[in-house]
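As structure tokens, the structure follows; a few thoughts come after it.
Index from 1, following the sequence.
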Amino acid sequence: MPDINHTFLNLREQILSCRQCQSDFGFEPHPIVFGNPSAKIMQISQAPSRTVHNTGKPFNDASGRRLRSEWYRISDETFYNPDNFYIVSIAHCYPGKNPKGGDNRPPKCCADKWLSQELGLVQNEIYILIGGSAAAYFFPKQKLTELVFQDLTLNGKRTFVLPHPSPLNVKWFRDYPEFMEKRVFEIEKAVHKTLGIPWSSCTAL
């Protein structure tokens, strides 16, 4: 894919140099881009955390550890293989803390400007959308909980929606225990199948 690779590299450099939101954030943005255009899974979340902003490594935080070890049940090496996962967010940068608690919402202009182009270049097999903001961007008229338990299609490809794996997201998991009892295994199985990893309900790292 020489043409796609060349176009992707140009796009990647543009994203990394973007400072459009600096005046809104009040600090210098640190855009995160991870993965190759041939990645099998395109994972789209809300925005990088402060930890990711500081380290430059996506999902290098408590949410990421839970996602990899408990939900996907894959190794760090598998997750951070750029041919396996293209890891991106509605906003490519950490948006800062909200004075009322939590992080600021990701600016939609980032997805409209950059993510829309990435979607056209990455040749993934499945999509995984993480959290309410990512789900609402692609499925604006549906509730997160309804989407989590549906088998969906985006751009003609199989799509899954996950609740956010943040350790702070306690109430949702208490209200919907069926996610960890059943749905998470269906998603895990799809991840393993897409990556060519043997799977069984008893699989463990």
Side-chain angles (χ1 to χ4, degrees), residues 7-37 39 41-68 71 76 79-80 82 85-122 124 127-144 147-148 154-155 159-172:
T7 303
F8 174 77
L9 289 174
N10 286 338
L11 176 62
R12 183 178 185 275
E13 290 305 312
Q14 292 178 56
I15 295 172
L16 291 175
S17 63
C18 180
R19 297 295 183 270
Q20 180 176 333
C21 297
Q22 183 163 346
S23 60
D24 295 329
F25 289 171
F27 56 86
E28 183 175 1
H30 184 185
I32 306 296
V33 180
F34 181 91
N36 294 329
I41 298 173
M42 190 170 190
Q43 177 184 286
I44 306 172
S45 58
Q46 174 171 313
S49 66
R50 184 194 296 271
T51 299
V52 175
H53 171 83
N54 291 332
T55 64
K57 190 174 185 178
F59 275 87
N60 185 28
D61 50 22
S63 296
R65 289 190 291 275
R66 184 181 199 184
L67 183 69
R68 295 189 298 276
W71 294 6
D76 287 4
F79 183 74
Y80 288 113
F85 281 86
Y86 190 90
I87 305 170
V88 70
S89 306
I90 298 301
H92 289 69
C93 303
Y94 167 63
K97 281 292 181 185
N98 188 312
K100 297 181 179 180
D103 293 341
N104 288 320
R105 294 186 65 82
K108 185 174 176 289
C109 62
C110 184
D112 293 342
K113 183 175 184 178
W114 301 123
L115 179 58
S116 59
Q117 297 184 65
E118 291 168 289
L119 289 167
L121 289 174
V122 178
N124 58 301
Y127 291 102
I128 297 178
L129 312 181
I130 299 178
S133 292
Y137 185 80
F138 293 101
F139 301 98
K141 296 183 180 181
Q142 297 188 55
K143 295 180 180 179
L144 171 67
L147 294 168
V148 167
L154 181 62
N155 296 333
T159 301
F160 298 95
V161 171
L162 297 178
H164 202 285
S166 168
L168 301 178
N169 195 14
V170 175
K171 185 179 184 303
W172 193 94

- Salt bridge check: are Asp61 and Arg65 linked by an N-O gap of less than 4.0 Å? no

- Query: For Phe79, is the NZ or CZ atom of Arg68 found under 6.0 angstrom from the centre of its six-membered ring and inside 45 degrees of the ring axis?
  - Reply: yes

### Message
Between Lys108 and Ile90, is the side-chain contact (heavy atoms from CB on, under 4.5 Å) condition met? List the steps.
### Response
CA-CA 7 Å; Lys108 185 174 176 289; Ile90 298 301; 5.7 Å; no

For the residue pair His53 and His30, categorise the inter-ring angle as parallel (less than 30°), tilted (30 to 60°) or perpendicular (more than 60°).
perpendicular

Check your understanding: Mind checking whether Tyr80 and Phe34 have parallel, tilted or perpendicular rings, split at 30° and 60°?
Key -> perpendicular

What one should report as the nearest heavy-atom pair of Phe8 and Gly35 is CZ-O, 3.5 Å

side-chain hydrogen bond (donor to acceptor under 3.5 Å, both in side chains) filter on Arg19, not counting sequence neighbours, yields Glu28

CD1 of Ile130 to CG of Leu144, rounded to nearest 0.5 Å, is 11.5 Å

Heavy-atom check, side chain of [X] versus side chain of [Y], under 4.5 Å:
| X | Y | value |
| --- | --- | --- |
| Trp71 | Arg66 | yes |
| Arg12 | Val33 | yes |
| Ile44 | Ser89 | no |
| Arg105 | Ser133 | yes |
| Phe59 | Ile87 | yes |
| His92 | Lys113 | no |
| Ile41 | Ile128 | yes |
| Ser63 | Pro167 | yes |

| message | Side chains of Glu118 and Tyr86 only: does a donor on one sit below 3.5 Å from an acceptor on the other? | response | yes

Can you see whether Asn155 engages Tyr127 through a side-chain donor-acceptor pair at a distance of less than 3.5 angstrom? yes

